[in-house]
Amino acid sequence: MGGFDVKKNVHIENWATMRENINSTFRFTAKNNFAIFVTGALIPYLIYKGILIEFKCLAEDPENGLFNKFGQENRFLGGHYTKKELPEQ
């Protein structure tokens with residue numbers, strides 16, 4: 001249409017072919033199993049444990065949570081006031 005010839009990028013075509021045939025070329029090796037375990041189980045577990053640790057620190061001492069141990073102040077979501085600087089209502 002319009003007389004324009006499209007020059008295909010060989011690298012993109014090779015990648016698309018590889019992606020279409022991944023189900024027949026994938027092998028479960030030790031390297032692949034490790035990558036699947038790390039991205040599918042270990043990283044989400046570590047994120048979950050980090051959230052639980054933060055909740056536990058805030059529950060024990062709401063004024064000085066986990067972040068205050070590293071020199072950061074607690075802030076309300078989206079706000080710039082700390083609990084000590086809140087305007088009187």
Side-chain angles (χ1 to χ4, degrees):
M1 181 174 168
F4 295 109
D5 293 331
V6 176
K7 184 177 178 182
K8 295 181 180 181
N9 189 334
V10 177
H11 303 291
I12 293 176
E13 293 298 323
N14 289 340
W15 177 79
T17 303
M18 182 270 311
R19 188 170 178 216
E20 289 173 0
N21 298 323
I22 194 72
N23 58 342
S24 61
T25 59
F26 182 78
R27 301 278 184 250
F28 281 102
T29 62
K31 182 180 175 182
N32 288 342
N33 289 340
F34 179 73
I36 291 169
F37 171 73
V38 167
T39 58
L42 187 62
I43 291 174
Y45 176 75
L46 292 175
I47 292 171
Y48 174 73
K49 290 303 278 186
I51 291 170
L52 287 182
I53 290 170
E54 172 65 16
F55 282 153
K56 183 179 177 188
C57 287
L58 286 174
E60 291 173 355
D61 190 5
E63 292 294 325
N64 300 313
L66 179 66
F67 290 116
N68 275 353
K69 293 179 183 177
F70 298 111
Q72 299 176 358
E73 295 183 3
N74 290 334
R75 293 190 303 164
F76 293 109
L77 292 176
H80 298 289
Y81 296 110
T82 61
K83 292 182 180 180
K84 298 172 188 172
E85 300 172 348
L86 279 177
E88 295 297 324
Q89 295 179 359

### Message
Taking Tyr45 as the starting point, is it possible to reach Phe37 by hopping between hydrophobic residues whose side chains are less than 4.5 Å apart?
### Response
yes
### Message
I want to check something: taking the side chain as every heavy atom from C-beta on, are Leu52 and Tyr48 in contact at a cut-off of under 4.5 Å?
### Response
yes
#### Entry: Ile12 CD1 to Thr17 OG1 distance, which is reported to the nearest 0.5 Å
11.5 Å
### Message
For the CD1 atom of Ile51 and the CG atom of Leu46, what is their distance to the nearest 0.5 Å?
### Response
11.5 Å
### Query
If you draw a 6.0 Å radius around CZ in Phe26, do more than 12 non-hydrogen atoms from other residues or ligands fall strictly inside?
yes
### Message
Quick one: does any side-chain atom of Asn32 pair with a main-chain N or O of Arg27 as donor and acceptor, under 3.5 Å?
### Response
yes
### Query
Please walk me through it: do Thr29 and Phe34 pass side chain to side chain contact (heavy atoms under 4.5 Å, CB included)?
CA-CA 9 Å; Thr29 62; Phe34 179 73; over 6 Å; no
#### Entry: Passing option when Met18 is tested against Asn14, Asn21, Ile22 for side-chain contact (heavy atoms from CB on, under 4.5 Å)
Ile22
